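Reviewing the structure listed below.
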2 protein chains.
Amino acid sequence: MRQKLNRLKKPSEAWIYDQVFSAILDQRLMPDTKLTEKDLCDVFGVSRTIIRKVLLRLSIDRVVELRPNRGAVIAAPGPEEVREIFEARRLLEDGIVAEAAEKYGPEDAQALKEIALRERECAYSGKPGDAIRLSGDFHLRLADIAGNRPLRELLRQLVAQTSLAISLYAPGGVSMCDDDDHDRLIAAIADGNRGLSRQIMHEHLSECERSLLLQTEQGCNDLHTVFADVMAAE
Amino acid sequence: MRQKLNRLKKPSEAWIYDQVFSAILDQRLMPDTKLTEKDLCDVFGVSRTIIRKVLLRLSIDRVVELRPNRGAVIAAPGPEEVREIFEARRLLEDGIVAEAAEKYGPEDAQALKEIALRERECAYSGKPGDAIRLSGDFHLRLADIAGNRPLRELLRQLVAQTSLAISLYAPGGVSMCDDDDHDRLIAAIADGNRGLSRQIMHEHLSECERSLLLQTEQGCNDLHTVFADVMAAE
DNA sequence: GTGAATATAATTGTATACAATTATAAATTA
DNA sequence: TAATTTATAATTGTATACAATTATATTCAC
């Protein structure tokens with residue numbers, strides 16, 4: 001609705017990136033969907049040059065897969081890769097939140113509470129895509145507070161991958177992060193309690209991972225894997 | 001020498017990336033050097049399309065800085081950012097090496113020793129650029145053993161940034177990582193000793209950081225910073 | 001001669017044209 | 001009809017042309 005005006009101006013690379021990413025989070029773009037360059041050019045009214053830059057950035061964030069000579073598709077990380085992503089996040093964020101607990105100032109608390117509130121609103125008003133995005137913003141804000149910029153950039157990539165994983169594996173598209181976790185995290189950080197902050201963060205990420213349907217082999221299109229147990233029984 | 005033949009074939013994007021990166025490690029390209037697209041086109045005999053992809057990848061690895069409308073320059077991370085890079089590496093690699101100590105197999109030891117040996121050879125035969133590259137390969141190989149692919153990709157980016165930092169701040173271009181550290185690391189991992197491996201890795205990275213000339217404000221072109229203490233005395 | 005304003009050149013950003021590759025449809029043969 | 005081959009169309013990869021921007025040189029006033 002607010003984009004009608006943009007019809008005249010040319011949309012920027014960053015804006016197109018966000019639009020595609022949002023479409024993935026909202027499950028309007030499903031995994032393995034092909035992203036034909038020409039179609040995206042027509043949709044957004046820009047040349048292939050711009051679209052290709054967007055696709056390259058999305059592929060760096062592992063949200064789309066770029067197959068040489070065969071175009072781009074929405075990525076479909078398997079259960080094992082999702083587990084690895086969460087393991088990586090635990091490693092990074094245990095450290096980040098501990099640092100954030102030390103460097104945190106009162107003005108940070110306000111911003112964190114604001115994000116957590118909006119996240120809850122979206123979760124309860126049928127906007128799971130926005131809720132996922134805000135959950136990611138919350139974790140990135142913690143990295144901002146911790147103040148290590150290279151580390152923040154790495155986390156940004158992991159958050160993007162996690163967001164895709166959630167929209168893939170979360171049951172019924174429901175927001176999955178328990179909002180109370182975020183509130184309890186804010187309290188622990190405000191207390192400057194490194195150990196408790198770490199513990200909550202670690203458990204929070206593990207809980208998120210557990211809530212995903214990673215046992216079932218959904219999203220696996222490889223027939224060999226699908227029928228592996230059947231054939232083993234023969 | 002081996003590239004004379006490639007004069008006819010077109011060099012690939014990945015090869016050009018490596019050539020530019022190597023030039024940086026060998027200090028044939030110094031920080032703040034401008035990378036004019038047309039010049040690179042002439043040098044490598046490809047169109048700007050390819051060069052721009054290479055520059056985009058290098059900028060993602062924070063090895064070159066991409067300034068809108070003003071072209072690309074070799075990045076010049078300041079002392080503070082270098083410290084953050086090392087802090088991030090300690091966080092990631094403490095976890096990686098602990099995992100590697102568990103999953104390691106005999107065939108891995110051979111590969112690690114091979115890399116450590118070649119690294120030492122390069123360090124002592126006046127090839128600091130190659131030594132830096134091999135040191136990075138050593139750490140990435142540990143990530144391979146640990147077996148977390150998303151985490152390995154993040155470390156790859158940090159290793160690239162570290163390599164640039166070393167070539168910038170290492171005294172006299174000397175190889176800086178004490179090779180004994182790598183050997184001791186191999187031994188600890190071979191023993192499956194998680195705690196010791198972590199400890200050696202952590203201390204190793206801290207030692208690397210300390211050996212850099214991060215106190216002096218060399219490489220800082222900001223006049224405000226340069227004359228900050230002088231003006232404060234007035 | 002110095003500094004501002006302007007003109008010129010060089011460089012980057014975007015769109016498009018063409019080549020190479022892959023996917024799809026039609027035709028041929030068993 | 002089913003499978004294989006061939007022809008056609010669609011798509012991606014690369015190079016280049018043009019537009020927009022920035023950098024450099026020149027001119028002019030003081």
Side-chain angles (χ1 to χ4, degrees), chain A residues 3 5-20 23-24 29-76 221-223, chain B residues 3 5-20 23-24 29-76 221-223:
Chain A
Q3 269 74 26
L5 295 168
N6 286 22
R7 280 285 196 160
L8 301 173
K9 304 172 192 176
K10 291 236 165 170
S12 73
E13 180 190 329
W15 186 78
I16 297 173
Y17 175 100
D18 286 339
Q19 294 306 307
V20 176
I24 295 172
L29 279 173
M30 299 295 279
D32 291 320
T33 303
K34 187 162 184 205
L35 300 173
T36 306
E37 294 179 1
K38 188 176 181 310
D39 291 347
L40 291 173
C41 291
D42 295 342
V43 168
F44 293 109
V46 294
S47 74
R48 282 178 58 212
T49 309
I50 310 295
I51 295 299
R52 292 191 119 239
K53 279 202 282 185
V54 170
L55 291 176
L56 185 55
R57 293 207 103 90
L58 286 166
S59 81
I60 285 156
D61 293 340
R62 307 244 176 199
V63 170
V64 312
E65 189 186 348
L66 229 53
R67 307 163 304 176
N69 282 315
R70 303 195 54 243
V73 293
I74 305 293
N221 295 329
D222 180 32
L223 295 179
Chain B
Q3 269 71 27
L5 295 168
N6 285 21
R7 279 289 196 155
L8 300 174
K9 304 172 192 174
K10 290 237 165 173
S12 74
E13 180 190 329
W15 185 78
I16 297 174
Y17 175 100
D18 286 340
Q19 294 306 308
V20 176
I24 295 172
L29 280 174
M30 300 295 279
D32 292 321
T33 302
K34 185 159 186 208
L35 300 174
T36 306
E37 293 179 3
K38 186 171 183 311
D39 291 347
L40 291 172
C41 292
D42 295 342
V43 167
F44 293 109
V46 294
S47 74
R48 283 178 57 210
T49 309
I50 310 296
I51 295 300
R52 291 190 120 240
K53 279 203 281 186
V54 171
L55 291 176
L56 186 56
R57 293 206 104 89
L58 286 166
S59 80
I60 285 155
D61 292 340
R62 307 244 175 196
V63 170
V64 311
E65 188 187 347
L66 228 54
R67 306 163 306 176
N69 282 313
R70 304 196 54 244
V73 293
I74 305 293
N221 294 328
D222 181 31
L223 295 181

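Note on naming: letters A, B, ... go to the chains in the order of the sequence lines (proteins, then strands), and numbering restarts at 1 for each one. All of these numbers come straight from a predicted model, not from anything done at the bench. All heavy atoms count here, side chains included; hydrogens, waters and symmetry mates do not.
Separating the CZ atom of A:F44 from the C1' atom of C:dA15 is a distance of 18 Å, rounded to the nearest angstrom. The nearest whole Å value for the distance from the CG atom in A:D42 to the C1' atom in D:dT11 is 13 Å. One can place CD of A:E13 at 8 Å from P of C:dT14, the figure rounded to the nearest angstrom. Taking atom CG on B:L56 and atom P on C:dT14, their separation rounds to 12 Å, with Å as the unit. Going from atom CG of B:L66 over to atom P of D:dT22 covers 15 Å, rounded to whole Å. Going from atom NZ of A:K34 over to atom P of C:dT22 covers 12 Å, rounded to whole Å. What separates CD1 of B:I50 from C1' of D:dT16 is a distance of 13 Å, to the nearest Å. Rounded to whole Å, atom C1' of C:dT12 lies 11 Å from atom CG of B:L55.
Using a cut-off of 4.0 Å between Lys/Arg side-chain N and Asp/Glu carboxylate O, A:R57 and A:D61 are scored as not salt-bridged.
For the pair B:R70 and D:dA23, the criterion of a side-chain N or O lying under 4.0 Å from OP1 or OP2 is met. Contact annotation: A:K53 side-chain N/O to C:dT14 OP1/OP2 distance is under 4.0 Å. Of the side-chain N and O atoms in A:K10, one or more sit less than 4.0 angstrom from OP1 or OP2 of C:dA15.
Comparing A:N69 and A:S47 along DNA chain C, the residue whose closest nucleotide (by nearest heavy atom) sits nearer the 5' end is A:S47. Residues B:T49 and B:K38 each lie close to DNA chain C; by heavy-atom proximity, the contact nearer the 5' end of the strand is made by B:K38.
Here D:dT11 is the nucleotide among D:dT14, C:dT12, D:dT11 with the atom lying nearest to any side-chain atom of A:T36.
Of the candidates A:L55, A:V54, A:I51, A:L55 is the only one forming a side chain to side chain contact (heavy atoms under 4.5 Å, CB included) with A:L35. Considering A:V64, A:V20, A:V63, A:V73 in turn, A:V20 is the only one that fulfils the side chain to side chain contact (heavy atoms under 4.5 Å, CB included) rule with A:L29.
In this structure, A:W15 and A:Q19 have side chains that are in contact, with non-hydrogen atoms separated by less than 4.5 Å.
When all heavy atoms of A:K10 and A:V46 are compared, the closest pair comes out as CD-CG1, 4.3 Å.
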